[in-house]
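Atoms considered below: every heavy atom in the structure, side chains included; atoms not considered: hydrogens, waters and symmetry mates. We count residues from 1, following the sequence as given.
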Amino acid sequence: MPTFTALDGTELAYHVAGAGEPLLCLPGGPMRASVYLGDLGGLSSHRRLVMLDLRGTGDSGIPADPATYRCDRQVADVEALRDHLGLDRVDVLAHSAGGDLAILYAARHPERVRTLTLVTARARALGVDFTEQHRREAAGLRAAEPWFETARLALDAVLAGTATDADWDAAAPLFYGRWDAAAQAHAASDVEQSNEEAADVYASAGAFDPVAARAAISALDAPVLVLAGEWDGGPLPRVAATVADMFPRAELAVHAGAGHFPWLDDPVRFVQTVATFLSRHTRG
């Protein structure tokens, strides 16, 4: 397991899968160990996936200062990894809450980003959030599922802030396009892979300055892929389209029948979409 040292002395780990040109992968959660990404549905057959365990997660060290869990404070970790890898410019892929970290990295270091792939990604860094109505709208698309009524009631508790562990478990099918054995195992590993203390700090006050971030990325020259799931509430496809419109060179892909983890729901299509985008913009 390779490691490198952050500017504040914290030892950070990353995991590598596949061969070829590196693709720096930032996990979501927030603050979930990168193991949940797997090999991104087989994307490792096209690129060398470099999956960062954010500070305090997975095999990375716990920082001396918990305030450094804040998203904007972790931009320096991404830059330190790029430097450690010896790359002048880097292809970045981010999932879910990792989208905020990737956006802030692109805003602060635009000259270092060759491409940016945002997979069902959050964009609070740009002032875009996912509302309760968005979550309920996406949930309503699953009304024909046998588990729907139980999941809907659990979602009500989650959105009200009164959810028990059982409610979180019952709402989990809403995040997946198929609630099969693979999805169930993936969901069951969430708690043990996540640092809840760090997650509470990640988007805390001061983490984001949307006006400054929007101004910075409005001049970003790197191609951007914004990938959304048809059944995902965070973001809904139309919200993902709003995010894509904020970048000068962005394209939107919406995967039918996919939820928040599209590489699990339809790995073939996910890999084809991302690999084609990367190949088109990184030749030569």
Colleague: Decide yes or no for L101 and V75: does some side-chain heavy atom of the first lie under 4.5 Å from some side-chain heavy atom of the second?
Modeller: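 A side-chain contact under 4.5 Å exists here.
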Colleague: Nearest 0.5 angstrom please: D167 CG to T164 OG1, how far?
Modeller: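 Going from the CG atom of D167 to the OG1 atom of T164 covers 3.5 Å.
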Colleague: Scan side-chain atoms only and decide if S44 and D39 contain a donor-acceptor pair under the 3.5 Å cut-off.
Modeller: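 Their side chains do contain a donor-acceptor pair, which is all the 3.5 Å distance test asks for.
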Colleague: Judged by modelled atom types alone, do Q74 and Y69 share a side-chain donor-acceptor pair under 3.5 Å?
Modeller: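 Q74 vs Y69: no donor-acceptor pair found between side chains.
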Colleague: Is any side-chain heavy atom of L49 less than 4.5 Å from a side-chain heavy atom of L40?
Modeller: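 Yes, close enough: below the 4.5 Å cut-off.
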Colleague: When you check the gap from the basic side-chain N to the acidic O, do D72 and R108 get nearer than 4.0 Å?
Modeller: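 No.
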Colleague: Would you check if F261 and D232 make a side-chain contact, meaning some heavy-atom pair closer than 4.5 Å?
Modeller: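 Side chain of F261 against side chain of D232, heavy atoms only: no contact under 4.5 Å found.
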Colleague: Can you confirm whether the side chains of R32 and S189 place a donor and an acceptor under 3.5 Å from each other?
Modeller: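 Checked: R32/S189 side chains pair up, N/O donor to acceptor below 3.5 Å.
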Colleague: Could you go step by step and tell me if H260 and Y176 meet the ring pair (Phe, Tyr, Trp, His ring centres under 6.0 Å) rule?
Modeller: CA-CA 6 Å; H260 198 58; Y176 296 86; 8.8 Å; no
Colleague: Taking side chain as C-beta onward, heavy atoms only, is V113 less than 4.5 Å from D91?
Modeller: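 A side-chain contact under 4.5 Å is absent here.
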Colleague: Heavy atoms, side chains only, cut-off 4.5 Å: are T115 and T282 in contact?
Modeller: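 Sidechains of T282 and T115: in contact.
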Colleague: Regarding D265 and H255, is there a side-chain donor-to-acceptor distance under 3.5 Å anywhere?
Modeller: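 There is no such pair (donor and acceptor under 3.5 Å, judged by atom type) between the side chains of D265 and H255.
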Colleague: Judged by modelled atom types alone, do N195 and T57 share a side-chain donor-acceptor pair under 3.5 Å?
Modeller: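 On atom types as modelled, these side chains do not qualify, holding no pair under 3.5 Å.
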Colleague: May I ask you to decide whether R124 forms a salt bridge with D129, counting only side-chain N to carboxylate O separations under 4.0 Å?
Modeller: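 Counted as a salt bridge, because a side-chain N and a carboxylate O are separated by less than 4.0 Å.
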Colleague: Between the side chains of R112 and D88, is the shortest nitrogen-to-carboxylate-oxygen separation below 4.0 Å, so that they form an ion pair?
Modeller: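 Result for this pair is yes, salt bridge flagged.
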Colleague: Is a salt bridge present between R152 and E145, judged by a nitrogen-to-oxygen distance below 4.0 Å?
Modeller: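 Judged by the 4.0 Å cut-off on N to carboxylate O distance, R152 and E145 do not form a salt bridge.
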Colleague: Do the side chains of R55 and E11 get close enough for a salt bridge, i.e. N-O under 4.0 angstrom?
Modeller: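 Not counted as a salt bridge, because no side-chain N and carboxylate O are separated by less than 4.0 Å.
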Colleague: When you compare the side chain of F130 with that of L236, does any pair of heavy atoms fall below 4.5 Å?
Modeller: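 L236 does not reach F130 side chain to side chain.
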